[in-house]
**Student:** 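Next up is a structure, given as structure tokens.
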Amino acid sequence: MKEAAMKRRTDADRRSLRRLLAAGIIGSSLEWYDFFIYATAAALVFGRVFFPDASPLIATLLSFSTFWAGFIARPIGGLIFGHVGDRIGRKPALVVCLAIMGLATFSIGLLPTASSIGAAAPVILVLLRFLQGIAIGGQWGGMSLLLTESAEENRRGTAGAFGQMGVPMGVIFGNAAFLAVGALVPGQAFLEWGWRIPFLLSALLFPVVLFIQLKVEDTPVFRDLQAKTERDAREIVKAPLTEVVRTHPRQVLFGAGLMFGTLALFYISITGLLSYATQALGVDKGPLLKIILAVSAFGTVVVYLSGRISDRIGRRPLILAGAVLIAAWGFPFFWLVDTGSVTLIAVAVTVAFLGTNLTYGPLAAYLAELFDPRVRYSGMSLAYQLAAILVSGGTPFLMTAILAATGSTTWVSVYVVAMGLISAVSVLMLPETNPQTRTSAVAVRPEPIGVASQRR
């Protein structure tokens with residue numbers, strides 16, 4: 001009888017985890033879809049729609065500056081919802097973030113253009129982009145923890161990868177939406193109203209929000225923390241942000257550094273390249289969107305495999321390999337792109353995505369394992385979003401400005417190499433966290449993911 005009951009509980013737990021993984025990859029994909037369609041629209045549409053009186057260069061720079069607003073907001077979202085997630089729960093924070101993202105993106109699809117309401121249009125656009133940034137800033141930590149803290153110790157890398165896969169899948173859905181709309185609503189009609197359709201499709205996110213709210217429990221780790229705080233008030237961290245900065249500064253700083261290379265080359269590949277290749281090289285946007293679509297499918301596989309392999313050999317080897325590849329690919333990437341050949345551009349982006357996704361796959365589990373459970377949401381969100389504001393949002397703007405000032409991609413390549421080297425150094429300065437491979441020789445040892453620290 002006991003064995004039968006145990007088997008039923010095990011089967012129920014597995015079904016629950018499968019539902020959670022499915023909700024994780026779908027919810028994360030749709031959330032990142034909402035965030036990334038803005039990047040595509042900023043490169044292809046927003047300059048002409050919201051800044052019609054500016055020159056093409058200035059309009060592109062202004063468009064990318066509104067894109068940057070989302071990244072400025074991301075640390076704010078990480079701090080707000082990191083506090084909520086550490087104090088109230090991972091699930092409530094995540095549900096609110098998903099709802100904010102859906103509402104902001106849908107509203108962009110309804111926003112009048114500058115020709116209708118003048119300067120108010122770009123102002124409202126920036127405010128809505130800011131809300132997108134707050135939502136994605138809080139969402140990443142919540143989704144990562146909901147997955148990794150609910151998984152078994154030897155499958156945290158795999159579980160975390162399901163959330164990470166949402167990034168390339170979001171790119172796939174976003175580019176597929178723009179390709180489809182561009183084919184169905186070509187030319188002037190696309191500029192007038194067709195671009196709105198991908199934004200209005202964000203309404204698909206709301207059923208996922210409802211499912212997570214009604215069908216998904218908070219993580220076992222957070223439930224254990226709640227039980228501890230009920231027994232001992234000293235377990236409550238009243239200011240998780242202050243606590244994480246005081247007790248985990250090394251993990252925050254080098255955790256952010258882990259992201260520099262992958263974020264720089266990723267946003268160059270999906271956003272900066274679209275603007276540069278269409279305007280400077282005369283490449284049609286259709287083949288470029290198809291390249292990004294196909295390579296993102298490849299990237300999804302790499303993310304999953306790197307997360308899964310990290311459960312066997314450790315997180316650091318995969319992240320280091322990706323960082324080194326990014327640094328080595330900084331110059332060859334643009335040598336291939338500058339040919340204007342669609343085939344060689346495809347090769348450039350494929351290798352870029354291999355490097356960025358080797359690094360990205362294990363990061364959800366790695367950053368979670370670096371922080372004490374009591375401040376984990378705040379810590380990993382702060383690290384990730386610090387990298388986002390420093391690198392992600394500014395990269396397309398910086399690339400455009402460098403190209404305009406120098407007329408050459410050389411310094412953009414130097415930038416990519418530098419970002420990759422920062423990531424490589426950062427991973428070398430942090431310990432291995434996979435309990436299957438961690439050694440006693442590590443100088444800085446993180447706490448196990450499911451055990452609250454006893455430090456005060």
Side-chain angles (χ1 to χ4, degrees), residues 33 36-48 56-57 60 63-64 67 167-187 190-191 194-195 198 262-303 325-326 328-358 395-396 398-400 402-404 406-413 415-417:
Y33 161 87
F36 287 145
I37 56 173
Y38 192 103
T40 305
L44 300 177
V45 178
F46 285 169
R48 286 179 283 180
L57 172 61
T60 300
S63 181
F64 281 152
F67 174 70
V167 171
M169 291 186 70
V171 175
I172 291 171
F173 294 152
N175 281 278
F178 271 97
L179 278 170
V181 171
L184 295 173
V185 189
F190 177 81
L191 285 176
W195 65 267
T262 189
L263 293 179
L265 190 51
F266 175 75
Y267 280 100
I268 284 174
S269 299
I270 71 163
T271 303
L273 177 64
L274 276 176
S275 175
Y276 174 63
T278 55
Q279 295 183 21
L281 303 178
V283 181
D284 186 68
K285 73 176 185 297
L288 292 175
L289 290 174
K290 291 176 183 176
I291 288 171
I292 295 173
L293 190 67
V295 175
S296 294
F298 164 73
T300 303
V301 177
V302 176
V303 167
L325 179 55
I326 289 167
W329 198 240
F331 280 92
F333 178 87
F334 280 105
W335 292 340
L336 295 174
V337 168
D338 284 339
T339 66
S341 164
V342 172
T343 301
L344 294 180
I345 291 173
V347 173
V349 178
T350 299
V351 178
F353 268 50
L354 176 60
T356 58
N357 289 307
L358 275 175
T395 291
L398 183 63
M399 176 179 168
T400 303
I402 290 173
L403 292 171
T406 67
S408 169
T409 57
T410 299
W411 284 103
V412 184
S413 295
Y415 170 72
V416 172
V417 172

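Residue numbers run from 1 in the order of the sequence given.
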**Student:** Do the non-hydrogen side-chain atoms of V337 and L344 ever get within less than 4.5 Å of each other?
**Tutor:** no
**Student:** Quick check: closest heavy atoms across A328 and P332, and the distance to 0.1 Å?
**Tutor:**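 For A328 versus P332, the nearest heavy atoms are O-CD, 3.4 Å.
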**Student:** Measure the spacing between OH of Y267 and OG1 of T262 and express it to the nearest 0.5 Å.
**Tutor:** 9.5 Å
**Student:** Mind running side chain to side chain contact (heavy atoms under 4.5 Å, CB included) on L265 and F333 for me, showing each step along the way?
**Tutor:** CA-CA 9 Å; L265 190 51; F333 178 87; 4.3 Å; yes
**Student:** Do W195 and V181 come within less than 4.5 Å of each other through their side chains, counting heavy atoms only?
**Tutor:**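 Heavy-atom side-chain distance check fails, nothing below 4.5 Å.
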**Student:** Taking all heavy atoms of V303 and all of P168, pick out the closest pair and write down the distance.
**Tutor:** CG2-CG, 4.3 Å
**Student:** Between F266 and N357, does a side chain to side chain contact (heavy atoms under 4.5 Å, CB included) hold up when you go through it step by step?
**Tutor:** CA-CA 9 Å; F266 175 75; N357 289 307; 5.8 Å; no
**Student:** Please report the interatomic distance CD1(I292) to CG(L288), rounded to the nearest 0.5 Å.
**Tutor:** 6.5 Å
**Student:** When rounded to the nearest 0.5 angstrom, what is the spacing between CZ in F190 and CG in L184?
**Tutor:**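 Answer rounded to 0.5 Å: 11.0 Å.
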**Student:** Distance from I345 atom CD1 to F334 atom CZ, nearest 0.5 Å?
**Tutor:** 10.5 Å
**Student:** Is there any side chain to side chain donor-acceptor pair (under 3.5 Å) pair reaching into residues 329-342, and which pairs are they, with sequence neighbours excluded?
**Tutor:** Y276-D338, D338-T409
**Student:** Checking S408 now: which residues fulfil side chain to side chain donor-acceptor pair (under 3.5 Å) with it, not counting sequence neighbours?
**Tutor:**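 With neighbours one apart ignored, the set is T410.
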**Student:** With L293, which residues qualify under side chain to side chain contact (heavy atoms under 4.5 Å, CB included), at least two apart?
**Tutor:**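 If we apply the side chain to side chain contact (heavy atoms under 4.5 Å, CB included) test to L293, skipping adjacent residues, the hits are I172, N175, A176, L179.
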**Student:** For the residue pair P198 and I37, what are the closest heavy atoms and their distance?
**Tutor:**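 Minimum heavy-atom separation between P198 and I37: O-CD1, 3.5 Å.
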**Student:** Which heavy atom of V295 sits nearest to which heavy atom of V349, and what is that distance?
**Tutor:** CG1-O, 3.6 Å
**Student:** Identify the heavy atoms of L398 and Y415 that sit nearest to each other, and give their distance.
**Tutor:**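 Distance-wise, the nearest heavy atoms are CD2-CE1, 3.7 Å.
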**Student:** For T278 and L274, which heavy atoms make the closest approach, and how far apart are they?
**Tutor:** OG1-O, 2.6 Å
**Student:** Holding to side chain to side chain contact (heavy atoms under 4.5 Å, CB included), I want the full list of residues that pass it with A41, two or more places apart in sequence or in another chain.
**Tutor:**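 Once residues adjacent in sequence are excluded, the partners of A41 under the side chain to side chain contact (heavy atoms under 4.5 Å, CB included) criterion are F46, F178, F199.
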**Student:** Say you draw a straight line from OG of S269 to CD1 of I291; how long is it, rounded to the nearest 0.5 Å?
**Tutor:**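 S269 OG to I291 CD1: 11.0 Å, rounded to 0.5 Å.
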**Student:** Among residues at least two apart in sequence or on other chains, which ones pass side chain to side chain contact (heavy atoms under 4.5 Å, CB included) with F173?
**Tutor:** S29, Y33, M169
**Student:** Do L358 and V302 come within less than 4.5 Å of each other through their side chains, counting heavy atoms only?
**Tutor:**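 Yes; the side chains approach each other to less than 4.5 Å.
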**Student:** What's the separation between atom CG in L325 and atom CZ in F353, rounded to the nearest 0.5 Å?
**Tutor:** 13.0 Å
**Student:** List in chain and number order the residues that pass side chain to side chain contact (heavy atoms under 4.5 Å, CB included) with V301, two or more places apart in sequence or in another chain; answer none if no residue qualifies.
**Tutor:** L305
**Student:** Mind jotting down which residue pairs meet the side chain to side chain donor-acceptor pair (under 3.5 Å) criterion with at least one end in residues 285-298? Sequence neighbours excluded, please.
**Tutor:**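 As it turns out, there is no side chain to side chain donor-acceptor pair (under 3.5 Å) pair with a partner in residues 285-298 once direct neighbours are skipped.
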**Student:** I'd like to know if the side chain of S413 and the backbone of G330 have a donor-acceptor N/O pair within less than 3.5 Å.
**Tutor:** yes
